[in-house]
Student: 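Please find one structure pasted underneath; my questions will follow.
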Amino acid sequence: MSVKILNLLPVTGDVFTPEMFKYMRKYLEPDTEVQTYQITSGPPSIECEYDEALAAPDVLRLAKQGEEDGFHAIFINCFGDPAVKAAREYVDIPVFGGFEPATHIALGLADSISIVTVLPNVVPNVEGNVSKARLNGRIVSIRNVNIPVEELQDHEKLCKALAEQSLLAIREDGAQAIVMGCTGIVDVAERIKHDLLAEGYDVPVLEAAQSALKLCEVYAKMGLRQSRLTYMTPPERK
């Protein structure tokens, strides 16, 4: 069965490049199709709860459109998971943001995980997701590189900052695996893993976007979707 995944961008900014798209789908099956829809009303980037709230209405509109257009799964391309739970109520195909896939894959590889994200004001959002997922005992820290989403294109600066924070997470926080806490952080996992190994630490490093697309593919191929006991369909209103 070939799979068609919607890559739903919940921002209006020009932050998604062809190079990012190619790297994101690196581990997908050759016949898996990925198409991108982008919101037209909302924030240029998502870096706080306020941004998530602004993005939500158009995210839900495009999620429903994606279901009607025949997609088998939806990736809402943000680690903050904006409107993910609402979209799961609204459509009958699996929906993931960036947080759950990478985190849950990491849980099968290590007992203690650190998330490295972009800015300090993103940290409370991620802490909220950790609490909702009841992972407080295993997510041992949430660190940041203090680089805005719209400045992630400076790859060398980004990798250096990620390596520094990942090393501190291992040495000071007891992390045994590292999760990149922004779907805009791409093409870094191999570099960070290499840098950590050079310091004597052989630990998994996971990118959010790659993990999310792969999990969308797996769920779609297995015919899985959200439980209607957890994500109840919204009541119809006149």
Student: Evaluate the criterion salt bridge (Lys or Arg N to Asp or Glu O under 4.0 Å) for residue pair R88 and D81; output intermediate values, then yes/no.
Tutor: CA-CA 11 Å; R88 286 173 177 168; D81 288 0; over 6 Å; no
Student: Between E151 and Q153, does the side-chain hydrogen bond (donor to acceptor under 3.5 Å, both in side chains) criterion hold? Intermediate values first, please.
Tutor: CA-CA 5 Å; E151 296 179 16; Q153 291 82 358; over 6 Å; no
Student: Could you check whether any side-chain heavy atom of K22 comes within less than 4.5 Å of a side-chain heavy atom of M20, counting everything from C-beta outward?
Tutor: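 SC-SC contact between K22 and M20 ruled out.
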Student: Could you report the tightest heavy-atom contact between E52 and G80, atom names first, then the distance?
Tutor: OE2-O, 3.3 Å
Student: Can you find a pair of side-chain heavy atoms, one from E172 and one from R143, that are under 4.5 Å apart?
Tutor: yes
Student: Taking it one step at a time, do E89 and R228 satisfy salt bridge (Lys or Arg N to Asp or Glu O under 4.0 Å)?
Tutor: CA-CA 8 Å; E89 294 176 347; R228 284 298 173 221; over 6 Å; no
Student: Do I185 and L162 have side chains that get closer than 4.5 Å, going by heavy atoms?
Tutor: yes
Student: Tell me whether V188 shares a hydrophobic cluster with F79, the cluster being built from Ile, Leu, Val, Met, Phe, Trp, Tyr side chains joined at under 4.5 Å.
Tutor: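 In one cluster: yes.
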Student: If you apply the rule side-chain hydrogen bond (donor to acceptor under 3.5 Å, both in side chains), what do you find for N7 with T36, and how did you get there?
Tutor: CA-CA 5 Å; N7 173 43; T36 299; 3.0 Å; yes
Student: Could you walk me through whether D173 and S114 pass the side-chain hydrogen bond (donor to acceptor under 3.5 Å, both in side chains) check?
Tutor: CA-CA 8 Å; D173 308 329; S114 181; 4.6 Å; no
Student: Under a 4.5 Å side-chain heavy-atom rule over Ile, Leu, Val, Met, Phe, Trp and Tyr, are M24 and L9 clustered together?
Tutor: yes
Student: Within a strict 4.5 Å, meaning less than it, do heavy atoms of the N144 and V122 side chains meet?
Tutor: no
Student: Could you tell me whether the side chain of R191 reaches within less than 4.5 Å of the side chain of L196, counting heavy atoms only?
Tutor: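 Side-chain contact under 4.5 Å: no.
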Student: Below 4.5 Å, heavy atoms only, C-beta onward: do E29 and E217 meet side chain to side chain?
Tutor: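 Of all side-chain heavy-atom pairs linking E217 with E29, at least one is under 4.5 Å.
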Student: Verify whether the ring centers belonging to F96 and F75 lie closer than 6.0 Å.
Tutor: no
Student: Side-chain contact test, heavy atoms from C-beta onward, threshold under 4.5 Å: evaluate it for V149 versus I46 and give yes or no.
Tutor: no
Student: Does the pair Y90 and T233 meet the rule for a side-chain contact (heavy atoms from CB on, under 4.5 Å), with working shown?
Tutor: CA-CA 6 Å; Y90 196 35; T233 303; over 6 Å; no
Student: Going by heavy atoms in the side chains, are L28 and V3 under 4.5 Å from each other?
Tutor: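 SC-SC contact between L28 and V3 ruled out.
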Student: Taking the six-membered ring of F71, is NZ or CZ of K4 closer than 6.0 Å to its centre and within 45° of its axis?
Tutor: yes
Student: Testing the basics here: between G174 and V140, what is the closest heavy-atom pair and its distance to 0.1 Å?
Tutor: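 What the structure gives for the nearest pair is C-CG2, 4.3 Å.
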Student: Would you call E67-K64 a salt bridge at under 4.0 Å N-O?
Tutor: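 A salt bridge links E67 with K64.
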Student: What's the verdict on salt bridge (Lys or Arg N to Asp or Glu O under 4.0 Å) for K193 and D202, showing C-alpha distance, side-chain angles and the deciding distance?
Tutor: CA-CA 7 Å; K193 183 172 174 58; D202 185 4; 3.1 Å; yes
Student: Under 4.5 Å between side-chain heavy atoms, hopping through other hydrophobics if needed: is there a path connecting V34 to I74?
Tutor: no
Student: Check step by step if side-chain contact (heavy atoms from CB on, under 4.5 Å) holds for L107 and R138.
Tutor: CA-CA 8 Å; L107 290 172; R138 296 186 67 181; 3.5 Å; yes
Student: Are V205 and V118 in one and the same hydrophobic cluster, where Ile, Leu, Val, Met, Phe, Trp and Tyr link if side-chain heavy atoms are under 4.5 Å apart?
Tutor: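 Yes: a chain of side-chain contacts under 4.5 Å links V205 to V118.
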Student: Between V11 and I76, is there a shared hydrophobic cluster once you connect ILVMFWY residues whose side-chain heavy atoms come closer than 4.5 Å?
Tutor: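 No, because V11 and I76 fall into different hydrophobic clusters, even though each may have its own neighbours under 4.5 Å.
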Student: Looking at V84 and G97, what are the two nearest heavy atoms and their distance?
Tutor: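 Minimum heavy-atom contact is CG2-N, 3.6 Å.
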Student: With K85 as the cation and Y231 as the aromatic partner, state whether NZ or CZ is under 6.0 Å from the six-membered ring centre and within 45° of the axis.
Tutor: no
Student: For the residue pair A163 and I192, what are the closest heavy atoms and their distance?
Tutor: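 Closest pair (atom of A163, atom of I192, distance): N-CD1, 3.8 Å.
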Student: Let me see the working for K26 and E207 under salt bridge (Lys or Arg N to Asp or Glu O under 4.0 Å), right down to the final yes or no.
Tutor: CA-CA 11 Å; K26 180 177 180 179; E207 293 182 19; over 6 Å; no
